[in-house]
Protein chains: 2
Amino acid sequence: MSPRRVTLADVAKIAGVSPTTASLALSGRGRELRISQDVEQRVLKAAAELQYRPNIVSVGLRTGTTRTIGFVSDTVATSRLAGDMIKGALEAARERGFMLFIGETEGDAELERLLLQAMHDRQVDGIILAAMYTRTIKVPKAMTVAPAVLLNALPKQPSPLPSVIPDEIEAGRVAARALLDAGHREGIHLIGAGPGRRNVPAGGSVAAVERLIGIREVLAEAGVKPAGGHVCPDWQPEYGLAATRALLQKERPRALICFNDRLALGAYQALDDFGLKVPADVSVVSFDDHPIASWMRPQLTTVALPHYELGRKAVDVLFTEIGRDREDDGGEGEVHRVPMPIRLRQSVASPGT
Amino acid sequence: MSPRRVTLADVAKIAGVSPTTASLALSGRGRELRISQDVEQRVLKAAAELQYRPNIVSVGLRTGTTRTIGFVSDTVATSRLAGDMIKGALEAARERGFMLFIGETEGDAELERLLLQAMHDRQVDGIILAAMYTRTIKVPKAMTVAPAVLLNALPKQPSPLPSVIPDEIEAGRVAARALLDAGHREGIHLIGAGPGRRNVPAGGSVAAVERLIGIREVLAEAGVKPAGGHVCPDWQPEYGLAATRALLQKERPRALICFNDRLALGAYQALDDFGLKVPADVSVVSFDDHPIASWMRPQLTTVALPHYELGRKAVDVLFTEIGRDREDDGGEGEVHRVPMPIRLRQSVASPGT
DNA sequence: TCGCACTGCTAATCCGATTTAGCAAACCTG
DNA sequence: CAGGTTTGCTAAATCGGATTAGCAGTGCGA
């Protein structure tokens, strides 16, 4: 069936040289090791004719480098959000001739251990450990044996591993500024967290904490106080609906900052129930740029999670880790923050007195 | 830094035997090849103590099997829908101790070639070629050198490769039955395709054709004629909105069969615009079970794409391919159809005369 | 006591590359 | 023209296992 792969030995035979010479010529080290032009050309020609491709498994065994990186996540593949993260990583890896192993732990530490082990068994050159939503994680000790990067996650304990995360603080600033720029000064309510610095859902979500910091900072600078805040235990539509409904029963907000798009979806429904129009009566800004954000009516202005860029960046950082001299294990890993761009759509308008 | 991996030689030395013996004992072939109980135990003990793990790269070189399969898709990782497909494949593979390489072609044939090549260079044991939405694809000839399976796709030309696809015809039947069971007989409109067998969007979508077949079959059996059908060039919310709006300007339907959930989202908006309530005035059934289906109000009854099961099934089929004697390349590949379960929610009610 | 079968283990080879060490021929040099 | 240098290439070792062929030692029958 499968016609045996062409090996280096085949190329060497056709070119009439030894495998050693063929290897040298193909790896470009021919010059350095005094292979003649003539022979080099013969080898190259033979390789092209036979469509020779080196067996990476063999190279992996000999050199210890498999041109492969492992991408382990808690549950990335499931969420659409993170599909783009994988895609970014995939493309960045491909540009360097690397492939990606993927694995899902579903938050199971034992499974995580097994997966990392399976990847090491396959001699991956590096590992990206990703979280579905930005948070702090316990770094498994298996992570220290190979170059590694945390993606969308920060180490719970001090660790030499670098992290790549979205710049949530700046995102909070940007969202708040969007409302200020439209002229909002009063009746700004937060849905999902706030108004106080400590009013965040349990679970160690970095997004809640940092978005809140950014929002509060910009509002404070403008001398504006959020009119209220509503912590939601889970950032799902039904909680956004409930929180907004509760709010509307007491007062009439002029603007909502929803902590993600699903909450905003619920908020839209509540506003609709109360006969309020977005953005004429109430402006809404949100975070994530989930696909539904552009399906909602009016389309939602939201600060996007840059999943694709996060994935790319993680690979970039991993490659610098791989290239780095693995000795200087002092110090903490650097934290790389990827900008979150705002998508201006139709859900924000001036308060119109 | 990284303490050199434990090798078979290390285990052998500790156990006081040759690497050959250690290999035999560990591979379980000890009995067959007359290794004494005593020695076997010593080896096992040494391996456990050292936490020995065989280097799969080495095994791959020697035996040609890397316990790895390649998952190549046009753009699967991006779509949330398909995240579950990967997840199913991932789990099924993991249960057998296999890892997954993933790659995205973005519909680029050249990129596809390169990816398949990169996977073969890494000696994958088999390949799953997946499509984001069910359709017919041209099978690259590189696919014939290793065991392979088409996922969510059918071969455009006759091919020995097996396929795994959702059972869209039965899904169409199920959707139609859901309306019939609720008592609907009249005013049933199709949004997205139909009413005639040929009224499908361009692009070779298997879903449109087969769902339509199933729907028409069941309605015909019940002596019911669809009141109308509206082909949408793309199955996005805005087209669903437009089609439904156009429909409502002419008549008042009693039930809609939307060809996917995004169309249904648009339809909901149009119905709302016309002051019609779901399901009191108009029942809606749909396909896909996209996450938004359970966020919509009322929650949408929809026939689910079994992505997770598709992924699992593809791996199952791939393993039987791998196990099969690769000689009998006669015949066409088998087509495996995975059932699509209906999610009964709140968007269907009896027509209430 | 010789020959044979069986038991229990190991030496050697192989997979397909990379890399080190080294060899033969040509070329200088004084 | 002997001795040293350079040029151009190759043999052999290596990576870490799996696999094949075979080697000692024992037991047994004749």
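Reckoned from all heavy atoms, side chains included, excluding hydrogens, waters and symmetry mates. All figures in this text were calculated on a predicted structure; none of them were measured in a lab.
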Minimum heavy-atom distance between [X] and [Y], given as atom pair plus value:
X: A:A314; Y: A:V164; result: CA-CG2, 3.9 Å
X: A:A46; Y: A:I14; result: CB-CG2, 3.8 Å
X: B:A47; Y: B:L26; result: CB-CD2, 3.9 Å

Name the residue from [options] that meets the side-chain contact (heavy atoms from CB on, under 4.5 Å) definition with [X].
X: A:I128; options: A:I69, A:I102, A:V317; result: A:I69
X: A:L310; options: A:T134, A:L151, A:D84; result: A:L151
X: A:V57; options: B:V59, B:D121, B:V57; result: B:V57

Contact class for [X] (heavy atom, under 4.0 Å): base, sugar-phosphate, or nothing?
X: A:L24; result: base
X: B:T21; result: base
X: A:V17; result: sugar-phosphate
X: B:S23; result: base
X: B:T7; result: sugar-phosphate

Please report the distance, rounded to the nearest Å, between [atom1] in [X] and [atom2] in [N].
X: A:R31; N: D:dT7; atom1: CZ; atom2: P; answer: 13 Å
X: A:L61; N: D:dG16; atom1: CG; atom2: C1'; answer: 6 Å
X: B:N55; N: D:dA18; atom1: CG; atom2: P; answer: 10 Å

Tell me which residues in residues 117-125 of chain A lie within less than 4.0 Å of DNA chain C, going by non-hydrogen atoms.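 Heavy-atom cutoff 4.0 Å gives no residues at all.
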Could you please spell out the steps behind the side chain to side chain contact (heavy atoms under 4.5 Å, CB included) verdict for B:M99 and A:T68? CA-CA 12 Å; B:M99 297 280 297; A:T68 297; over 6 Å; no
Hey, is the side chain of A:S18 poking within less than 4.0 Å of OP1 or OP2 on D:dT10, counting only N and O atoms?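 So the side chain of A:S18 is within the cut-off, an N or O lying under 4.0 Å from OP1 or OP2 of D:dT10.
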Please walk me through it: do A:R96 and A:D125 pass salt bridge (Lys or Arg N to Asp or Glu O under 4.0 Å)? CA-CA 13 Å; A:R96 293 176 164 88; A:D125 297 322; over 6 Å; no
Taking everything shown except B:Q51 itself, do over 12 heavy atoms lie less than 6.0 Å from its CD?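 Not more than 12 within 6.0 Å, no.
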Check DNA chain D against residues 33-41 of chain B and give the residues with a non-hydrogen atom under 4.0 Å, in numerical order.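 Correct list: empty, so none.
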Please determine if B:E104 and A:R94 form a salt bridge, counting it only when a charged side-chain N lies under 4.0 Å from a carboxylate O.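 Between A:R94 and B:E104 there is no salt bridge, as every charged N stays at least 4.0 Å from the carboxylate O atoms.
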One thing to verify: whether B:E321 and B:R324 come together as a salt bridge, which I'm taking to mean a side-chain N less than 4.0 angstrom from a carboxylate O.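 Salt bridge present between B:R324 and B:E321.
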On DNA chain C, nearest-nucleotide positions of B:T63 versus B:A22: which is more 5'?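 First, find each residue's nearest nucleotide; the 5'-ward one identifies B:A22.
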Roughly how bent is the helix from C:dT1-D:dA30 to C:dG30-D:dC1 end to end, in steps of 10 degrees, with each end axis from five pairs?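 Comparing the first five pairs with the last five, the axes sit 70° apart.
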Evaluate side chain to side chain contact (heavy atoms under 4.5 Å, CB included) for A:I127 paired with A:M143, printing each intermediate quantity in order. CA-CA 8 Å; A:I127 287 186; A:M143 294 294 288; 3.9 Å; yes
Who are the side-chain hydrogen bond (donor to acceptor under 3.5 Å, both in side chains) partners of B:Q37, not counting sequence neighbours?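 Counting only residues at least two positions away or on another chain, B:Q37 forms no side-chain hydrogen bond (donor to acceptor under 3.5 Å, both in side chains).
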Under 4.0 Å from a heavy atom of chain A: give me the 5'-most and 3'-most nucleotides of DNA chain C that qualify.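 Going 5' to 3' along DNA chain C, contacts run C:dG16 to C:dT20.
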Residues two or more places apart in sequence or in another chain: which of them pass ring pair (Phe, Tyr, Trp, His ring centres under 6.0 Å) with A:F101?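 Only B:F101 meet the ring pair (Phe, Tyr, Trp, His ring centres under 6.0 Å) criterion with A:F101.
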Start at the 5' end of DNA chain D and walk down; is the nucleotide closest to B:R29 or to B:V57 reached first?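 Looking at DNA chain D, the more 5' nearest nucleotide goes with B:V57.
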